[in-house]
Structures are given as structure tokens and as C-alpha cells.
There are 2 protein chains.
Amino acid sequence: MATPLEKAHKDPESMKARILAVACRIFGEYGFHGTTTRMIAQEVGIDISTLHYHWGEKKDLYEAVILDINKDLGQKLIDVEKIIHGLPLSERMAIAIDTMTDYFFARPEISNIMLFRYIAKTRDNVDLRVPEFTADIARSMGLTRNSPHHTPPRAMLEVLAVMNAIHNFISGENFFRPMVNLEREEYIKTVKETLKFVLIPAFVQREGET
Amino acid sequence: MATPLEKAHKDPESMKARILAVACRIFGEYGFHGTTTRMIAQEVGIDISTLHYHWGEKKDLYEAVILDINKDLGQKLIDVEKIIHGLPLSERMAIAIDTMTDYFFARPEISNIMLFRYIAKTRDNVDLRVPEFTADIARSMGLTRNSPHHTPPRAMLEVLAVMNAIHNFISGENFFRPMVNLEREEYIKTVKETLKFVLIPAFVQREGET
DNA sequence: TATTCTTTCCATCATTTGATGGAAGCAAAC
DNA sequence: GTTTGCTTCCATCAAATGATGGAAAGAATA
């Protein structure tokens with residue numbers, strides 16, 4: 001049997017896990033400063049003291065959310081890499097965009113928190129593992145052919161351009177969807193089409209030139 | 001002579017204008033909730049009461065910032081449109097990307113506040129004129145050829161993809177630049193190259209197909 | 001100079017918010 | 001049944017924060 005701590009971490013019914021899930025959503029919606037511990041506690045249906053009992057102070061809970069996202073997203077990227085491995089570039093990108101878009105639409109808090117972290121000033125120590133993930137994806141996309149153990153700035157930025165394009169449409173849904181007046185399903189479908197249209201040709205074209 | 005209000009609005013030395021400029025920067029750095037009126041007042045070097053005297057409550061000041069951005073950005077888009085009018089698509093996009101990237105790097109608060117507005121929940125009435133701007137750009141890019149008086153969702157999302165790609169690299173500079181370990185000038189240069197590389201081919205390719 | 005109007009600051013409030021101590025509840029072990 | 005340890009909640013605190021009233025300072029005008 002696992003230790004109580006591990007159990008609490010794994011059992012989604014445990015109070016600790018329930019708090020973490022709600023915290024992830026609320027932090028994603030309102031950002032760190034826009035979120036109050038009372039908002040989270042109320043959403044879970046508990047007292048603030050119970051929240052502090054399980055997770056300590058607000059910043060600790062936020063860091064736990066970051067770590068949770070790192071774990072989940074890291075695993076997802078590994079899964080996708082396995083699926084697309086060996087396929088031609090245009091297919092790899094199409095599948096990756098479709099899959100990751102579905103994933104983020106299902107867990108929009110992840111896109112929200114990542115974008116918040118990019119643009120807002122904070123003083124955290126624990127951090128998103130974006131540098132590692134970005135380098136991994138660059139390798140997976142074949143952008144590091146000339147320097148397998150180092151990721152050139154240009155390759156990093158290209159990957160970030162792709163990833164962030166996805167995040168924007170997920171996090172911006174509340175703002176963009178009324179603009180284009182589409183139902184959710186239709187919005188998701190159009191977002192995927194647009195992303196694939198805009199992002200894939202550049203890379204395919206360059207690959208053909210070598 | 002202009003009214004005192006207009007004067008205060010135009011004279012960048014006036015207290016009201018100074019507060020607005022600082023507010024724009026601080027709101028951009030920390031978001032609405034992450035910003036306190038005391039932070040703004042301290043940065044300007046005045047008492048909070050003076051701030052409230054000129055701009056009323058915090059939300060009013062924030063709305064003034066939004067209106068200011070709308071005005072400035074709207075004018076910039078008109079200027080760019082004049083410059084690129086008539087040129088071939090690939091050149092139009094290259095110049096627009098270069099120009100707008102320089103513009104946002106010079107005023108990163110604009111990118112910050114726009115991205116904040118996309119992802120964070122608020123209950124504002126006054127709003128960014130993103131829908132209008134987006135439709136204008138779509139028209140300028142020739143994406144509404146088949147329906148000149150209506151902007152199809154797909155065209156809107158394509159424009160948003162381009163605009164947001166720029167915003168991401170400006171607002172994310174503090175996060176991304178250490179990742180790629182570049183000096184500021186080099187970062188800006190690489191960002192422009194990357195944006196043009198990723199964003200232009202898709203549109204040029206489609207235009208060639210018609 | 002005296003008067004009036006504008007601008008700025010000091011002192012202070014009420015509310016919100018992060019955080020804690022201690023009592024009460026509850027289940028498992030003895 | 002009693003004890004022990006874990007969990008939850010109530011009451012409360014201290015600090016941060018948005019906001020205001022009124023006095024003081026300054027500028028413009030008669």
C-alpha cells in the first residue's frame with residue numbers, strides 16, 4: 001500500500017486532489033493575483049482552513065498546480081511523439097496539432113496558466129518546464145539536425161510560435177468565439193483548420209528545399 | 001485653445017497623462033488584479049489620492065488605458081495599411097510583420113494588456129476594439145474577397161493567428177529570451193525572422209493556387 | 001492683496017484577503 | 001469505552017488595498 005501522501009496524490013476523490021483540480025481551474029481563469037483562496041475553497045465546498053491544512057500557503061498551492069501541469073503535459077508530449085514518430089513532416093504536424101488542440105481544449109486551464117506565466121511578472125522559483133519541452137519538440141520536429149545536442153534559438157522560437165498559436169485560441173475562446181459567432185464545436189473545428197493552414201506550409205516548404 | 005481636459009489628454013507632461021502612461025505599463029506587467037493603485041502612484045511619485053482625483057476609481061483608470069490603446073493601435077494600423085497598399089502579398093505581410101513587431105516591442109504594454117484581456121476573466125463594459133481591427137486587417141490582407149461586407153470566421157481566425165503570434169513574443173520576452181540566451185537586439189531580429197518564416201508561406205501558397 | 005479655483009497630500013475607513021489557533025467531529029486502534 | 005491521530009470548521013487576526021474627507025499648498029484672477 002502506498003503512503004497516505006501518495007494515496008492523496010493519486011486518488012482523485014481525496015480532498016487534497018479535489019482542491020488541486022479546482023485550484024488549477026480557478027488559477028487558470030483569474031491568474032494568481034485574481035484568484036483568492038476563498039474562491040477555491042468555496043468552489044470545493046470547504047473552509048479556507050481546510051485548504052491551508054492540505055496545501056499550506058497560497059503560493060505553495062500554486063506551485064503544486066504548476067508541477068501537476070508539468071507532469072501531465074510532459075506525459076502527453078511523450079505520447080504524441082510515439083504516435084507521430086516516423087511519419088512524414090506534414091502528417092506529423094497535422095496529427096500533433098489536432099491532438100494537442102483537443103488536449104488543451106479539454107484542459108484549458110493548462111493553456112491559461114502557461115500564457116499567464118509568460119506575460120505576467122512573478123517571483124516564483126518552481127517553474128514550467130517549457131524550455132525542456134520546447135527543446136524536445138524541436139528535436140521531434142527535426143529542427144536540430146545540425147546540432148543534435150543543442151537547440152538553436154531559431155528552432156526554439158519556431159516551436160514556441162507553434163505551441164503558443166494553439167494556446168491562444170484555447171485561452172482566448174471566451175473572447176474570440178463571440179467575435180466569429182460560432183458554436184463551440186464549430187469553433188474548435190475551425191481553429192484546427194486554421195492552425196494547420198497557417199503553421200504547416202512553412203516547415204514543409206523548407207524541408208523540400210534541402 | 002483647447003479645453004483643460006483636452007489639454008491634459010494631449011500634454012504628456014500633465015499629471016493626468018503621466019498617470020495614464022505609468023498605469024498602462026504597470027497594468028501590462030501585472031494585470032488588473034496584480035496591479036495596486038499604490039504601485040502606480042508610487043511609480044509616478046504621487047499620493048494615491050492624487051491618482052483618484054484625476055482618474056476616479058481603479059476600474060475607470062483601467063478603462064482609460066484600454067481606450068488609449070485602442071486609439072493608438074488603430075492609428076498605427078491605418079498607417080501600416082497606407083504603406084503596404086498595392087504591394088504583393090508576401091511583401092505586404094513582411095513589412096506589416098516587421099513594422100508591427102517593432103511597434104509592439106516599443107510599447108510592450110499593449111501586447112501585454114491585449115493578451116491579458118484575452119485570457120483573464122473580467123466584467124468590463126469598455127473593451128478592446130479587436131473585432132473591428134481584425135476585420136479591417138482581414139480586408140487589408142485580401143481575405144474577404146468573396147464577401148466584402150462580411151468577414152468569414154476562417155479569415156478572422158487567420159488574422160488573429162498572425163496578430164497573436166506577434167504579441168506572444170513581445171509579452172513573453174522575459175520568459176523566452178533567457179530560454180534562447182539572446183541579447184535583446186538579437187532576440188528581436190530572430191523573432192522577426194521566425195514570424196515571417198512561419199506566417200507568410202501559407203498565405204502566399206494559397207494565393208498562388210487561385 | 002484678497003479671493004477663488006485647482007491640485008496635492010495626510011490621516012483615516014471599510015473591505016478584502018492570506019493566514020492561524022483551537023475546538024469539534026470522526027474513524028481506527030487499543 | 002477510551003485513547004489516539006487525522007480532518008474539518010468557526011472565530012479571529014494582521015496586513016494589504018481601494019477609496020474618501022478635509023486640510024494645506026499653489027496658481028490664477030480680480
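Each chain gets a letter, A, B and so on, in the order its sequence line appears, and its residues count up from 1. Hydrogens, waters and symmetry mates play no part in the numbers below; they use all other heavy atoms, side chains included.
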Dump the intermediate steps for side chain to side chain contact (heavy atoms under 4.5 Å, CB included) on B:N112 and B:H167, then the final yes or no.
CA-CA 8 Å; B:N112 290 346; B:H167 289 313; over 6 Å; no
Are the ring centres of B:H33 and A:Y30 closer than 6.0 Å?
no
Could you give the CZ-to-P distance, from A:F27 to C:dT17, as a whole number of Å?
13 Å
Under 3.5 Å between N/O atoms: give me all the protein pairs with nucleotides 18-20 of chain D, atom names plus distance.
from, atom 1, to, atom 2, distance (Å)
D:dG18, OP1, B:T35, O, 3.4
D:dG18, OP1, B:K58, NZ, 2.9
D:dG18, OP2, B:T37, N, 2.9
D:dG18, OP2, B:T37, OG1, 3.1
D:dG18, N7, B:R38, NH1, 2.8
D:dG18, O6, B:R38, NH2, 3.2
D:dA19, OP2, B:H52, NE2, 3.3
D:dA19, OP2, B:K58, N, 2.8
D:dT20, O4, B:S49, OG, 3.3

Within this structure, what is the CG-CZ distance for the pair A:N164 and B:F176, rounded to the nearest 0.5 Å?
4.5 Å
Whole angstrom is fine here: how far is it from OH in A:Y53 over to P in D:dG5?
13 Å
Here the distance between atom C1' of D:dA27 and atom CE of B:M15, to the nearest Å, is 15 Å
Take the protein atom CG of A:L51 and the nucleotide atom C1' of D:dC10, then report the distance between them rounded to whole Å.
16 Å
Without decimals, in angstroms, what is the distance between B:K16 NZ and C:dT8 P?
12 Å
Does a donor on one side chain and an acceptor on the other come within less than 3.5 Å for B:S140 and B:E81?
yes
Atom pair CG/CG of B:D68 and B:L61 - distance to nearest 0.5 Å
10.5 Å
OH of A:Y62 versus P of C:dG18: gap in Å, rounded?
14 Å
In terms of the angle between their ring planes, are A:F32 and A:F27 parallel, tilted or perpendicular, with boundaries placed at 30° and 60°?
parallel
